[in-house]
There are 2 protein chains.
Amino acid sequence: MANSETLDRTFAACSHPIRRGILERLAAGTLSVGQATGDFGVSKPAISRHLRILEEAGAIVRVVDGRTHLLSLPDRDPGLDDAYGWMTRQRAMWERKLDVIEDVLTEQRAAARKEQP
Amino acid sequence: MANSETLDRTFAACSHPIRRGILERLAAGTLSVGQATGDFGVSKPAISRHLRILEEAGAIVRVVDGRTHLLSLPDRDPGLDDAYGWMTRQRAMWERKLDVIEDVLTEQRAAARKEQP
DNA sequence: CTCACTGTTAGCCATCGGGTTAACAATACC
DNA sequence: GGTATTGTTAACCCGATGGCTAACAGTGAG
């Protein structure tokens with residue numbers, strides 16, 4: 001079962017363009033902070049805080065290597081899995097709802113054809 | 001291309017348990033505000049603000065019918081589609097990254113077997 | 001040792017999120 | 001008309017977000 005607080009943090013982590021950008025770049029592999037966040041046009045402290053939010057959400061992993069911090073996506077991110085699963089279920093129910101509407105429309109058309117052959 | 005602000009609002013809309021709960025209930029069909037939010041244990045103004053956030057994100061549609069407001073999911077929610085698409089792409093790249101790691105490991109194992117037959 | 005580089009922490013400020021109570025608007029009902 | 005019901009708006013509180021500059025810590029390189 002998806003933990004609510006985990007979902008909260010994961011969705012919140014994805015709700016800022018800079019944080020999404022960081023995750024997108026890290027999908028290619030491990031990067032230093034500078035490589036992952038070089039040209040977002042904000043100060044380094046701002047970047048540092050975004051990284052902290054991502055890290056606390058479990059969306060990234062940090063390994064300190066000398067003076068550089070190496071960032072990467074975790075092997076498995078339960079938060080992202082849960083968030084993706086929630087969206088999938090939500091869309092499934094939504095599709096089902098549309099199916100019901102479709103059925104109603106089909107039925108109505110059939111009835112109309114019956115009345116006016 | 002997914003609009004960044006739309007993604008921001010959609011992910012933010014999904015980042016609160018009450019708002020997710022509302023969306024889950026509305027997946028079953030149209031409900032009044034009271035029906036959709038009856039027992040979340042917060043005051044009515046709090047609910048009203050959650051609804052406004054969902055509405056501004058395009059995640060719900062409101063039709064005023066007398067003194068009750070009827071809520072439903074929109075026929076198509078581009079925001080949710082975009083957010084789902086973003087997560088899908090992100091996971092795809094992540095899977096590909098893991099595939100690469102898997103390839104490397106397989107290759108290493110093959111090399112190891114060659115050295116020690 | 002000194003200097004440059006990478007990144008974080010500290011302190012400040014403005015805005016937003018989420019909650020409350022109190023008051024209001026609009027509709028339904030008697 | 002008077003009253004209950006549904007839901008929003010207004011005003012406020014407090015903590016979190018998001019940004020900045022300045023200062024610091026640690027490491028690499030001359």
Side-chain angles (χ1 to χ4, degrees), chain A residues 4-26 29-73 79 83, chain B residues 4-26 29-73 79 83:
Chain A
S4 179
E5 289 180 21
T6 302
L7 275 181
D8 295 355
R9 277 198 295 269
T10 301
F11 278 124
C14 293
S15 72
H16 194 287
I18 289 183
R19 291 195 291 263
R20 284 197 304 275
I22 293 171
L23 293 178
E24 287 168 8
R25 297 190 187 181
L26 290 181
T30 299
L31 296 174
S32 72
V33 172
Q35 292 169 333
T37 69
D39 48 355
F40 283 124
V42 295
S43 64
K44 290 192 292 181
I47 292 292
S48 193
R49 299 193 54 169
H50 285 302
L51 292 178
R52 203 168 67 88
I53 291 174
L54 286 169
E55 203 173 4
E56 286 178 352
I60 67 172
V61 171
R62 179 197 312 249
V63 175
V64 178
D65 173 34
R67 68 179 161 181
T68 73
H69 294 209
L70 295 177
L71 309 176
S72 56
L73 301 183
Chain B
S4 180
E5 289 181 21
T6 302
L7 275 180
D8 295 355
R9 277 197 295 269
T10 301
F11 279 123
C14 294
S15 73
H16 194 286
I18 288 183
R19 292 195 290 263
R20 286 197 304 275
I22 293 171
L23 293 179
E24 287 167 8
R25 295 190 188 181
L26 289 181
T30 298
L31 295 173
S32 72
V33 171
Q35 292 170 333
T37 69
D39 47 356
F40 283 123
V42 295
S43 63
K44 290 192 293 180
I47 292 293
S48 193
R49 299 191 52 164
H50 285 303
L51 292 179
R52 203 168 68 90
I53 291 174
L54 287 169
E55 203 173 4
E56 287 178 352
I60 66 172
V61 171
R62 179 197 312 249
V63 175
V64 178
D65 174 34
R67 68 179 163 182
T68 73
H69 294 209
L70 295 177
L71 309 176
S72 56
L73 301 183

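Note on naming: letters A, B, ... go to the chains in the order of the sequence lines (proteins, then strands), and numbering restarts at 1 for each one.
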Is there a side-chain polar atom (N or O) of A/Ser48 under 4.0 Å from OP1 or OP2 of C/dG7? no
Whole angstroms only, please: what is the CG-P distance between A/Leu71 and C/dT8? 8 Å
When rounded to whole Å, the CG to P distance for the pair B/Leu31 and D/dT6 reads 15 Å
What's the CZ-P distance between A/Phe40 and D/dC20, to the nearest Å? 14 Å
If you measure from the Lys or Arg side-chain nitrogens to the Asp or Glu carboxylate oxygens, is any gap between A/Arg20 and A/Glu24 under 4.0 Å? no
Under the criterion side-chain contact (heavy atoms from CB on, under 4.5 Å), I'd like the reasoning laid out for B/Thr37 against B/Ile18: C-alpha separation, chi angles, the key distance, then a yes or no. CA-CA 8 Å; B/Thr37 69; B/Ile18 288 183; over 6 Å; no
Roughly, in whole Å, what's the span from CG in A/Asp8 to P in D/dA16? 14 Å
Looking at every non-hydrogen atom in both residues, tell me the closest pair between A/Leu71 and A/Leu26 and how far apart they are. O-CD2, 3.5 Å
Shortest side-chain distance from A/Pro45, nucleotide among C/dG19, C/dT9, C/dT20: C/dT9
To the nearest Å, how far apart are A/Ile47 CD1 and D/dT21 P? 14 Å
So, for B/Gly79 and B/Thr10, which heavy atoms are closest and what is the spacing to 0.1 Å? CA-OG1, 3.3 Å
On DNA chain D, nearest-nucleotide positions of A/Gly66 versus A/Ser15: which is more 5'? A/Ser15
For atom NZ of B/Lys44 and atom P of C/dA23, their distance in whole Å: 14 Å
Within this structure, what is the CZ-to-P distance between B/Arg67 and D/dT6, rounded to whole angstrom? 6 Å
Name the nucleic acid region contacted by B/Ala46, choosing base, sugar-phosphate or nothing; use a 4.0 angstrom heavy-atom cut-off, strictly under. base
Which sits closer to the 5' end of DNA chain C, A/Arg62 or A/Arg49, going by the nucleotide each is nearest to? A/Arg62
With rounding to the nearest 0.5 angstrom, report the CZ to OG distance, B/Arg49 to B/Ser43. 10.0 Å
With a non-hydrogen cut-off below 4.0 angstrom, is B/Ile53 in contact with a base, only sugar-phosphate, or nothing? sugar-phosphate
Between A/Thr68 and C/dT6, is there a side-chain N or O to OP1/OP2 distance below 4.0 Å? no
Would you kindly compare A/Arg19 and B/Arg52 by the position of their nearest DNA chain D nucleotide and give the one closer to the 5′ end? B/Arg52
Interatomic distance, A/Ile18 CD1 vs D/dC20 C1' [rounded to whole Å]: 13 Å
Does a side-chain N or O of B/His69 approach OP1 or OP2 of C/dA25 to a distance below 4.0 Å, or not? no
